[in-house]
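Quick notes on the structure that follows.
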Amino acid sequence: MLYGILLESCRDGVCEAYGVATWKRIVEELNFEHDSFTTLGRYEENIIERVAECNSKLILLSENNILFLGLCEITHEGSLDTYMYFFGECFVRFFTNYGYDKILRVAGRHFRDFLLSIDQLHDSNRFSFPKMKSPLFHVTEEDEFGAVLHYKSKRRGFQRYVMGQLKECGTRFFQEDISCRIQDDVSSNEYTHIVFRVDFNNYKLKNLGKRFIQNPSLPDVTSATFFKVFPFAILIDPQMRMFHVGKSVQKVFPTNVPLIGRHIEDVFRLVRPDILLEWNRLLSYGRHIVFVIESRIPLQPNASVIAKKLATATTHAHLRLKGQMKVIPAWNMIAFLCHPELTTAEEMLSIGLFLHDINFYDGSSEILIAGMQHARTLQAAIDKQQAWITKLQGSKHELVEWRRKGKRLLYNIMPRHIAQMLQEGVLPNSICESHKLLTVLFAYSIDFKDVVEKLAPHQIVDSINAIVNAFDQCSEHFDVFKVETKADSSYMVVAGIQDRSTRDQRRSSTASGSSVQSLAYSDELQGDLKNPLGLNQAEIVAGLALEMVKSSTTVINPITEEPFRIKFGFHSGPAVGGIVGAKNVQYCLFGDTVNTASRITTTGEPGRIHMSDTAFLLIRDSPYFEIHNKGKTELKGRGTIETHWLVGPKSTYTAAIELDQFLLNEERHSSAAHSHRHHHHSSHSKRHGDATPEKRLSNTINHGPSATGGQCPFSRM
């Protein structure tokens, strides 16, 4: 498992170098639950490689994008190794920006010292990242021009990541222009073992023997003094037997268990580094590698009453010692100068140690006491951070939900392409567009005058609400846009408003453009395809009008206790639309088409649907509706024109609607059940032009041809 700080550094690097949009595409491509990572959280080890591979794919898929061309120009290639190298550099920069660079700056005065201290740096972070499985770094050879560095880890594929880290550390902290290459790969099935050749100006090596410090002449230190200074020291001979152990080590083991003369692996196991316990390896790694060993055999039972109350069972306790292997040539032995790894008082008591047993000449006792004092404060801080993280994730979900609701509300009060223009920053009063062909429907209650005269104000509002709510429920299922509801309870909707942003993708017939492209507007609204039959705009309005007539019979006039008498009428023609108002903006339509539709409605009859001759041209060849000729009708300002009655739906329309609703429910149910499983496949299909379920559905219904044959029926007028 990887700590989130590594993944967060990748996110930070991608956002800074290539933009937030690129990272959002990666999050979507890899189906991450969140777009950021918790620093102390733990995640799968292959996430960094997956991000690098995804970034590489985005480059190949976006060759014409100037942003990604810039990325290729920076990295010179788009391979996995390139981005792993880049992420290694990002980690050091991220580390620096958040104040962790102090740990790296104190590693040494020169880059050589840094290479020799990498293992100690990893060990120093064990308190912040206790479950970190740090790799092993070991310098085996040095010369004036660089060093040979061995990298060993159980993780796969991080060698380029390490090269990026070394390059960035040398440049940022030591002003060294280093180069790093892979000299050899001796990896096995269990470990990754890479030999790096790191070239840099290793002038420090030449000066090591030139500077001498005059030391006083003192007698040799006795073994008694030595083990008093290092009470946990262990002397190891060339046969890897323990020649002597410190008194503090002897105290924790039973008195009847011999330690002197036994092979060290009989008593201890090597925790780190992950090497074989051999004399030559201790000589090689002991110069700058931190060693950790742990007891194999049972420890001395602790009879202390306090220990019994606070500590865990001693049969499960282990003594863990950490320190360095130092060669003492005069003795021909290796001295393991170490101290116990202790984190809590309970752990110390379970082992059988007390402060008196710990070395007074190092900071072990002070660190232990300070750690016990700050452990509770640190745990409280961690708990508080986790609580804030949980709250933040909840707030993100709420933000997404409210954004979806706000977008849906905006799309309800104006056409979607207009709403998108406003979201992109277009000034409202600068929006004005002409429509070559629209179909406008009016519904007008002739009983409203009596309602206003005879009812109380709150009853008037209730009556208007009843009518409007009934019609809103009908229009919700059709691809129309509700323009306004006037104070006289007249209800106005329109079909066929063009989407200027996708005009080149629109159908050549008079089918409603918003229905064809409704899935393209918003991911949150991808289920809002309301015209799966592929009807043209007049057919859509005709279907809506029939539903409104049926719904109007359920709205009762409180005066007559009978259904309201409502006239319906629609007309097709050109119009101009735009945003009116600076504060309370509203989308309005203007033109003779709107006036004519209103007059067609008023000259009709209650409970019947009246249509103009131009609307009839769009619907006359439809296999779905039954139409009767009304004859000549006198319209104010237009003279006498031929009009028609929309009588009702044919059986083909009723059957198609029922079949469409059944198939649509089946498609949506199947999509909801498998949306998470097939998220990646669906996003891939959309990019390559695969038909969506709703589009496949529209192709299953055999509907009649367009009445206009792809041309505007009024182009000759």
Side-chain angles (χ1 to χ4, degrees), residues 74-77 79 81-93 95-96 101-124 134-153 155 157-188 191-213 273-275 280-291 324-327 329:
I74 294 172
T75 60
H76 304 292
E77 57 181 342
S79 66
D81 290 342
T82 301
Y83 295 108
M84 290 299 289
Y85 189 97
F86 167 71
F87 289 150
E89 295 177 320
C90 292
F91 177 76
V92 178
R93 289 195 291 266
F95 218 65
T96 302
D101 59 310
K102 300 179 181 64
I103 300 175
L104 301 178
R105 294 183 188 276
V106 300
R109 295 182 176 86
H110 310 282
F111 187 69
R112 173 185 178 272
D113 301 335
F114 170 76
L115 292 180
L116 297 175
S117 305
I118 295 178
D119 196 67
Q120 296 181 32
L121 292 174
H122 281 139
D123 185 71
S124 65
S134 57
L136 175 65
F137 290 90
H138 175 44
V139 176
T140 57
E141 300 176 21
E142 288 186 87
D143 55 43
E144 298 179 1
F145 306 103
V148 175
L149 178 66
H150 287 247
Y151 161 73
K152 188 176 181 181
S153 174
R155 296 189 176 97
F158 275 74
Q159 52 267 30
R160 299 288 176 178
Y161 189 88
V162 172
M163 293 171 65
Q165 288 178 320
L166 293 175
K167 174 70 174 178
E168 186 66 20
C169 286
T171 304
R172 183 174 293 267
F173 303 121
F174 303 99
Q175 290 74 48
E176 283 282 352
D177 185 16
I178 72 166
S179 65
C180 183
R181 67 180 187 275
I182 298 178
Q183 182 171 293
D184 196 8
D185 187 347
V186 291
S187 302
S188 63
Y191 300 98
T192 296
H193 190 169
I194 305 296
V195 181
F196 294 113
R197 171 63 192 187
V198 186
D199 294 323
F200 62 96
N201 184 14
N202 195 8
Y203 66 92
K204 182 70 182 303
L205 184 65
K206 298 186 295 183
N207 300 331
L208 287 179
K210 295 182 179 180
R211 184 177 181 183
F212 295 97
I213 300 177
D274 192 2
I275 61 174
N280 292 332
R281 292 183 182 271
L282 294 185
L283 294 178
S284 174
Y285 285 83
R287 294 184 299 164
H288 52 270
I289 298 297
V290 177
F291 280 73
Q324 282 188 292
M325 299 287 183
K326 291 296 184 182
V327 180

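Positions are given from 1 along the sequence. Every value quoted in this text rests on a predicted model; they were computed, and no experiment measured them. Heavy-atom basis, side chains included; hydrogens, waters and symmetry copies ignored.
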* Asked: Given the side-chain rings of F173 and F114, with only the six-membered ring counted for Trp, is the space between their centroids under 6.0 Å?
  -> no

* Asked: Any side-chain donor-acceptor pair under 3.5 Å between H193 and S187?
  -> no

Please report the interatomic distance [atom1]([X]) to [atom2]([Y]), rounded to the nearest 0.5 Å.
{"X": "Q159", "Y": "T192", "atom1": "CD", "atom2": "OG1", "value": "6.5 Å"}
{"X": "Q324", "Y": "I289", "atom1": "CD", "atom2": "CD1", "value": "9.0 Å"}
{"X": "L282", "Y": "I275", "atom1": "CG", "atom2": "CD1", "value": "6.0 Å"}

Partners meeting ring-ring contact (aromatic ring centres under 6.0 Å, His included) with [X] (sequence neighbours left out):
{"X": "H138", "result": "Y285, H288"}
{"X": "F137", "result": "H122, Y151"}
{"X": "F200", "result": "F111"}

May I ask you to decide if [Y]'s main-chain N or O and [X]'s side chain share a donor-acceptor pair within less than 3.5 Å?
{"X": "T96", "Y": "V92", "result": "yes"}
{"X": "K167", "Y": "I178", "result": "yes"}
{"X": "D185", "Y": "I194", "result": "no"}

* Electrostatic pair R112-E142, nearest N-O below 4.0 angstrom -> yes

* Determine, for D199 against R181, whether the closest basic-nitrogen to carboxylate-oxygen distance falls under 4.0 angstrom. => yes

* side chain to side chain donor-acceptor pair (under 3.5 Å) with K152: which residues, sequence neighbours excluded? -> none

* To do: Could you pull out all residues at least two apart from R172 that satisfy side chain to side chain donor-acceptor pair (under 3.5 Å)?
  => E168

* Asked: Is atom CG of D177 surrounded by more than 12 heavy atoms (other residues, nucleotides or ligands) closer than 6.0 Å?
  -> no

* Can you name the salt bridge (charged side-chain N to carboxylate O under 4.0 Å, His left out) partners of D274, sequence neighbours left out? -> none

* Mind checking whether L166 and L115 have side chains closer than 4.5 Å, heavy atoms only? -> yes

